[in-house]
Protein chains: 2
Amino acid sequence: MPGEQQEGGRFGVASSPTVEEAADLLKRLIDGSSMVVAAGFCSSQYEGRGASVSTEGDKLLIVKPGGAVILHGPRGFRPLNWQPNTSHTEVSVEKGTLTMKFYRRTPREVLTITCSRVWYIAWVRFPEEGAFWMYMTEDDLRRAVASNPRELLGEDIRFFAEEKRTPTGKADLYGVDGEGNIVIVEIKRVKADESAVRQLEGYVRDYPTQARVRGILVAPDISDTARSLLESLGLEFRRVDLKKAYSLMKSGRGSRRSVLDFL
Amino acid sequence: MPGEQQEGGRFGVASSPTVEEAADLLKRLIDGSSMVVAAGFCSSQYEGRGASVSTEGDKLLIVKPGGAVILHGPRGFRPLNWQPNTSHTEVSVEKGTLTMKFYRRTPREVLTITCSRVWYIAWVRFPEEGAFWMYMTEDDLRRAVASNPRELLGEDIRFFAEEKRTPTGKADLYGVDGEGNIVIVEIKRVKADESAVRQLEGYVRDYPTQARVRGILVAPDISDTARSLLESLGLEFRRVDLKKAYSLMKSGRGSRRSVLDFL
DNA sequence: CTCTGAATTTCGTGC
DNA sequence: GCACGAAGTTCAGAG
């Protein structure tokens with residue numbers, strides 16, 4: 001006998017359902033209104049942009065109201081298979097095996113999950129979504145640098161564009177230094193690597209002027225290989241202290257109210 | 001009364017536990033041997049490389065045997081918060097509130113989850129891991145191109161290095177064309193964009209020779225902006241058909257046994 | 001350890 | 001829709 005099924009309630013659980021019971025439940029639950037979890041002994045197959053197969057094992061299936069499908073194995077942080085959203089779902093039982101097919105339109109792909117046993121199915125109906133804020137993003141750091149060039153870059157630069165798409169680039173900051181040189185700044189909130197240098201070099205190269213253009217990479221750190229590439233390209237690096245940047249941002253006038261105030 | 005708790009079995013479920021019961025269960029279950037799921041009305045807070053807060057709402061917590069922690073909200077594919085692995089876990093109850101803290105050593109970060117209600121807790125003990133294969137990766141495509149330059153690139157190129165780190169680059173393929181020119185090939189299994197062009201340009205520029213070096217970008221497609229950047233840099237683009245590449249790879253001698261054979 | 005680049009990357013933003 | 005770049009990216013492989 002499967003466990004209690006308070007289907008009328010806000011949430012529910014079915015323990016040890018038969019595959020037929022599981023299929024019935026899933027058909028009713030996967031309607032965009034519930035956060036559903038199913039655990040069982042399953043295999044999977046994906047085909048679309050890539051392709052993969054997994055053999056039978058304990059799996060955890062999550063289906064969210066928005067249509068996201070996530071299949072986890074016992075190890076690792078990332079799912080074995082997933083579908084960020086689905087346009088169509090099929091649930092069926094044949095010869096004692098539960099099969100679920102999740103289709104996505106663009107890109108065209110399909111995830112098939114086959115279960116010989118289902119350990120449990122659990123769900124929450126009409127889940128309530130809390131608010132979410134993140135901070136210490138690259139955007140935050142960019143604003144701090146733009147407003148405090150002297151403190152964070154060690155010189156006065158007048159910035160005239162942020163994140164603006166110029167003819168062939170979209171660098172973080174465009175400005176003019178004390179001697180009238182164009183300065184392009186690329187910002188990373190993590191240690192800068194070669195690709196960050198290449199990114200900056202592209203922006204500097206593509207800037208439409210004959211005059212000299214300075215390129216400054218701003219990050220809390222830089223890898224050795226990135227530094228030598230940077231120097232060979234005549235670009236500059238400025239180390240930035242994240243904590244200092246955020247305290248400047250927080251204290252600075254004109255800074256929008258921050259989630260930092262909550263903590 | 002909480003639901004059945006077959007704690008001796010391979011899996012189990014507790015429906016509507018009190019926060020005290022939930023804490024007891026979680027303390028016992030989060031020992032690296034179980035795949036645990038808990039749903040409840042919770043808030044979260046993260047601090048480490050970045051920082052975030054979420055307010056109370058329905059959340060789904062997953063703790064895997066390897067120590068991965070994943071917290072999902074009702075929407076979206078990606079978790080609200082996570083910890084790829086944890087070095088230490090604390091579970092406590094205070095004033096009717098369940099608090100879980102997940103610590104990670106490197107990088108130093110902590111995820112705190114606070115629940116006023118727990119809808120259910122479900123678990124699978126000693127979950128069995130199936131095998132997993134993926135194919136149609138960039139590696140597959142690279143091998144196909146390396147073995148079939150005439151069919152896929154339209155010319156004979158003798159490749160002498162794959163994925164080799166040369167003085168300042170690590171391009172996909174290094175070879176020599178019919179006229180003795182060095183050829184550097186960068187491969188993308190998805191549509192190539194500007195960053196792919198910059199990547200290739202870096203490899204070509206850094207190749208230690210005075211002689212002319214050809215750079216060829218191989219991908220199923222290329223964006224317009226990437227194409228014009230590529231042409232302005234004197235680089236080449238070769239469209240490649242993924243299906244053709246994989247059929248060549250599969251039929252070619254010397255190809256390791258593929259998961260394609262399963263389907 | 002660090003560094004590099006892939007990923008079914010996903011996700012947001014701007015056009 | 002396409003294009004570009006951030007992400008608490010994670011992850012694997014090489015050094």
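Every heavy atom of this structure was used, including side-chain atoms; hydrogens, water molecules and symmetry mates were not. Below, read A as the first sequence line, B as the second, and so on, with proteins coming before strands; counting in each chain starts at 1.
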Within the modelled atom types, does a donor on one side and an acceptor on the other bring the side chain of B/N81 and the base of D/dG8 under 3.5 Å apart? yes

Can you give me the closest heavy-atom contact between B/S44 and B/S54, atom names plus distance? OG-OG, 2.7 Å

All heavy atoms of A/V145 vs all of A/F159, minimum pair found to be O-CE1, 4.0 Å

What I want to find out is whether A/E201 reaches B/R205 closely enough, with some N-O distance under 4.0 Å, to be called a salt bridge. yes

Round to a whole Å and report the spacing from [atom1] of [X] to [atom2] of [N].
X      : N      : atom1 : atom2 : answer
B/R142 : D/dA12 : CZ    : C1'   : 13 Å
B/N85  : D/dG8  : CG    : C1'   : 13 Å
A/M134 : D/dA6  : CE    : P     : 13 Å
B/D139 : C/dT8  : CG    : C1'   : 16 Å
B/M136 : C/dT9  : CE    : C1'   : 15 Å
A/E194 : C/dT2  : CD    : C1'   : 13 Å
B/E201 : C/dG5  : CD    : C1'   : 18 Å
A/L71  : C/dT8  : CG    : C1'   : 14 Å

With no hydrogens and no angle check, do the side chains of B/D139 and B/T137 hold a donor and an acceptor under 3.5 Å apart? no

Report yes if at least one side-chain N or O of [X] is closer than 4.0 Å to OP1 or OP2 of [N]; otherwise report no.
X      : N      : value
A/W82  : C/dT9  : no
A/Y135 : D/dA7  : no
A/R227 : C/dC3  : no
B/K170 : D/dA14 : no
A/R78  : D/dA12 : no
A/K191 : C/dT2  : no
A/R49  : C/dT10 : yes

Ranking B/E109 and B/I222 by the position along DNA chain D of their nearest nucleotide, the one closer to 5' is B/I222

For B/D193 and for A/E138, locate the closest nucleotide of DNA chain D by heavy-atom distance; then report the residue assigned to the nucleotide nearer the 5' terminus. B/D193

By nearest atom, which of the nucleotides D/dG5, C/dG5, C/dA7 is closest to the B/Y203 side chain? C/dG5

Counting only side-chain heavy atoms from C-beta out, which of D/dG1, D/dT10, C/dC3 sits nearest to A/T106? D/dG1

Would you check if A/F77 stacks with the base of D/dT10, given a 5.5 Å centroid limit and a 30° plane limit, both strict? no

Assuming nearest nucleotide by heavy-atom distance, tell me which of B/G76 and A/Q83 is located more 5' along DNA chain C. A/Q83

The residue, A/D224 or B/F132, whose nearest nucleotide of DNA chain C is more 5′ is A/D224

When we call it a touch if two heavy atoms are under 4.0 Å apart, what does B/Q199 touch: a base, just sugar-phosphate, or nothing? sugar-phosphate

Under 4.0 Å between any heavy atoms, over every strand shown, what does B/L111 touch: base, sugar-phosphate, or nothing? Just pick one. nothing

What residues, two or more places apart in sequence or in another chain, satisfy ring pair (Phe, Tyr, Trp, His ring centres under 6.0 Å) together with B/F160? none

A/A131 backbone acceptor or donor facing B/T55 side chain under 3.5 Å: yes

